[in-house]
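Some notes on the structure that comes next.
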Amino acid sequence: MAKETLTITDNRSGKTYEIPIEHGAIRATDLRQIRVSEDDFGLLSYDPAFMNTASCKSTITFIDGDKGILRYRGYPIEQLAERSTFLETAYLILHGELPTRPQLEEWVYHITHHTMIHEHIKKFMDGFHYDAHPMGILVGTVGALSTFYPDAKNILDPANRQYQIYRLIAKMPTLAAFAYRHSLGMPYAYPDNDLSYGGNFLNMLFKATELKYKPDPVLEKALDVLFILHVDHEQNCSANAMRSVGSSHVDPYSAVAAAATALYGPLHGGANAAVLRMLGEIGSKEKVPEFLKKVKAREALLMGFGHRVYKSYDPRAKIIRQTAEQVFSVTGRNPLLDIALELERIALEDDFFVKRRLYPNVDFYSGIIYQAMGFPVDIYPVLFAIGRTPGWLAQWQEMLLDPDQKIARPRQLYIGSGHRDYVPLEKRR
Ligand code: ACO
């Protein structure tokens with residue numbers, strides 16, 4: 001049987017080393033023994049942006065980008081989107097197994113009963129400028145929650161962690177909805193515990209003068225599906241931020257604030273808004289070929305297409321496309337959908353896109369649905385953050401319990417000046 005090892009010959013010294021391979025990887029620290037002298041620090045691997053470095057072992061999410069597969073804890077995303085709920089999927093992602101009925105009931109009960117936020121947090125939100133971006137408000141207030149729950153510092157106590165997990169999943173929609181209403185100058189709508197997770201979120205966003213808000217069941221379900229699709233995506237930029245910041249053993253509110261900050265960036269959580277702008281600029285189906293010419297001439301990017309990991313159809317995009325039809329049966333068809341479908345049809349037949357394996361990603365259709373549901377563009381990353389919170393918490397907890405993990409601290413290749421003596425100001429030229 002072939003040996004699960006790698007043999008390396010260092011041509012600088014002529015020495016040969018045999019390094020174990022586990023799960024298709026070598027340990028980067030095994031390279032440290034490769035030295036040319038006693039005072040040599042040892043060989044490092046250079047990998048900006050972690051293009052080929054596994055930062056952890058994980059049992060949470062599996063992606064096969066070539067085959068377009070996404071699974072949470074082994075369950076295909078298609079089955080979860082069709083048959084599960086967001087809260088059940090959140091339980092699965094955090095606990096590793098689907099809940100039994102009593103486990104699910106207890107889980108939903110706790111999350112439903114932690115949706116309220118302290119009135120002082122509400123006052124804190126009032127301090128934001130009237131046109132503050134809802135994602136900026138969310139990032140600030142979720143971080144501020146750590147001052148309201150100082151016990152959350154006890155991150156190594158499993159019962160305490162569980163409490164903060166309930167609170168974070170429960171309060172994210174409340175913070176998000178309050179941030180949105182603050183930006184409109186509308187009074188905050190308090191949580192309604194009679195409603196589902198998504199239904200209550202719609203209530204806190206859109207309730208006006210009616211005594212009881214009744215969410216449309218189709219939109220409530222669509223929102224739940226969209227949240228499921230965003231729960232986790234293995235070691236993406238914000239999950240990596242959550243793990244890295246959490247590795248300092250800070251409380252989870254501060255770590256989630258860091259993860260949400262990473263998500264705020266346009267290269268991560270902001271692409272669906274860019275898709276909407278692009279579709280608006282194209283304006284009509286007839287102008288699609290003209291726009292694609294510009295893309296091929298490198299004058300524009302086809303937003304919502306392409307992915308670092310998926311080199312075939314993003315499975316989430318397929319589900320969103322189906323969900324869009326259900327949403328439009330209630331809201332009326334978003335005219336941008338026809339432009340998107342035409343873009344997809346032509347692009348998928350075009351050599352430029354086929355050769356580069358560019359397919360629609362999750363963001364290609366999500367913005368169109370959100371727009372039809374009445375969500376303003378600024379709130380799209382906030383919706384993403386709500387869906388992703390259980391994933392961040394699962395990544396954080398897995399990191400804390402992994403004996404291989406320590407405080408995250410990458411190495412660098414120093415290429416700056418060597419030793420030089422301080423020059424007094426009057427002697428500098
Ligand atoms: N439109 C036109 N050309 C594209 C696109 C696109 N959307 N995406 C990639 N390409 C081209 C590149 O120009 C490159 O061509 P070349 O080899 O001739 O130079 C080739 O396809 C490979 O692209 P890379 O940029 O190397 O792919 P990478 O994996 O680095 O980038 C990314 C992935 C950032 C998602 C890219 O496809 C892109 O910018 N897409 C548009 C933005 C977008 O939709 N982002 C959302 C991603 S999903 C998410 O984060 C939730």
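Below, all heavy atoms of this structure are taken into account, side chains as well, without hydrogens, waters or symmetry copies. One-based numbering, in listed order, for ligands and for the atoms of each.
Because its NZ or CZ atom is not both nearer than 6.0 Å to the ring centre of F178 and within 45° of the ring axis, K122 does not count as a cation-pi partner of that residue.
Salt-bridge check for R71 with D232: failed, with every basic side-chain N at 4.0 Å or more from each acidic carboxylate O. Taking a cutoff of 4.0 Å between a charged side-chain nitrogen and a carboxylate oxygen, K293 and E299 do not qualify as a salt bridge. Taking a cutoff of 4.0 Å between a charged side-chain nitrogen and a carboxylate oxygen, D404 and K57 qualify as a salt bridge. Salt bridge status for K287 with E290: absent, with no side-chain N to carboxylate O gap under 4.0 Å. A salt bridge links R333 to E325: one of the charged nitrogens lies within less than 4.0 Å of a carboxylate oxygen.
Among all heavy-atom pairs drawn from M125 and A179, the shortest one is CE-N, 3.7 Å.
With sequence neighbours left out, the salt bridge (charged side-chain N to carboxylate O under 4.0 Å, His left out) criterion links D351 to no other residue. In terms of the side chain to side chain donor-acceptor pair (under 3.5 Å) criterion, residue partners of E286 (sequence neighbours excluded) are, by chain and number, S284.
Of the protein's heavy atoms, F305 O, 2.9 Å lies nearest to atom 40 (N) of ligand 1. What sits closest to atom 29 (O) of ligand 1 on the protein, heavy atoms only, is R308 NE, 3.1 Å. In terms of protein heavy-atom proximity, atom 45 (N) of ligand 1 is closest to A271 CB, 3.6 Å. Protein heavy atom closest to atom 42 (C) of ligand 1, with residue, atom name and distance, is M303 CE, 3.4 Å. In terms of protein heavy-atom proximity, atom 51 (C) of ligand 1 is closest to D363 OD2, 3.4 Å. What sits closest to atom 50 (O) of ligand 1 on the protein, heavy atoms only, is H268 O, 3.6 Å. The nearest protein atom to atom 10 (N) of ligand 1, hydrogens excluded, is given as L358 CD1, 3.6 Å; this is a heavy-atom distance. At the top of the distance list for atom 6 (C) of ligand 1, counting protein heavy atoms only, stands L301 CD2, 3.5 Å.
Residue contacts with ligand 1, taken as heavy atom pairs separated by less than 4.0 Å, involve K311 solely via side-chain atoms from C-beta onward. Using a 4.0 Å cut-off between heavy atoms, R356 contacts ligand 1 through its side chain alone, with no backbone atom that close. Here V295 has side-chain heavy atoms under 4.0 Å from ligand 1, and that is the only part of it that gets that close. With a 4.0 Å heavy-atom cut-off, ligand 1 is reached by the backbone of L302 and by its side chain too.
Environment of CZ in F352: crowded, with over 12 heavy atoms of neighbouring residues, nucleotides or ligands closer than 6.0 Å. A 6.0 Å sphere centred on OH of Y414 holds more than 12 heavy atoms belonging to other residues, nucleotides or ligands.
Using a 4.0 Å threshold on non-hydrogen atoms, atom 35 (C) of ligand 1 counts as touching the protein. Within the 4.0 angstrom cut-off, atom 32 (C) of ligand 1 has no protein heavy-atom neighbours. There is no protein heavy atom less than 4.0 angstrom from atom 27 (O) of ligand 1. Within the 4.0 angstrom cut-off, atom 23 (O) of ligand 1 has no protein heavy-atom neighbours.
Distances shorter than 4.0 angstrom occur between a heavy atom of R298 and an atom of ligand 1. Taking a 4.0 Å cut-off on heavy atoms, M278 fails to register as neighbouring ligand 1.
Between N272, N361, L267, it is N361 that holds the heavy atom closest to atom 43 (C) of ligand 1.
Checked against the 6.0 Å centroid criterion, the rings of F206 and F375 qualify as a close aromatic pair.
Below 4.0 Å from some heavy atom of G304 lie the following atoms of ligand 1, by number and element: 43 (C), 44 (O). When each atom of ligand 1 is checked for a heavy atom of G306 under 4.0 Å away, the hits are 35 (C), 37 (O).
With values rounded to the nearest 0.5 angstrom, S244 atom OG is found 8.5 Å from M399 atom CE.
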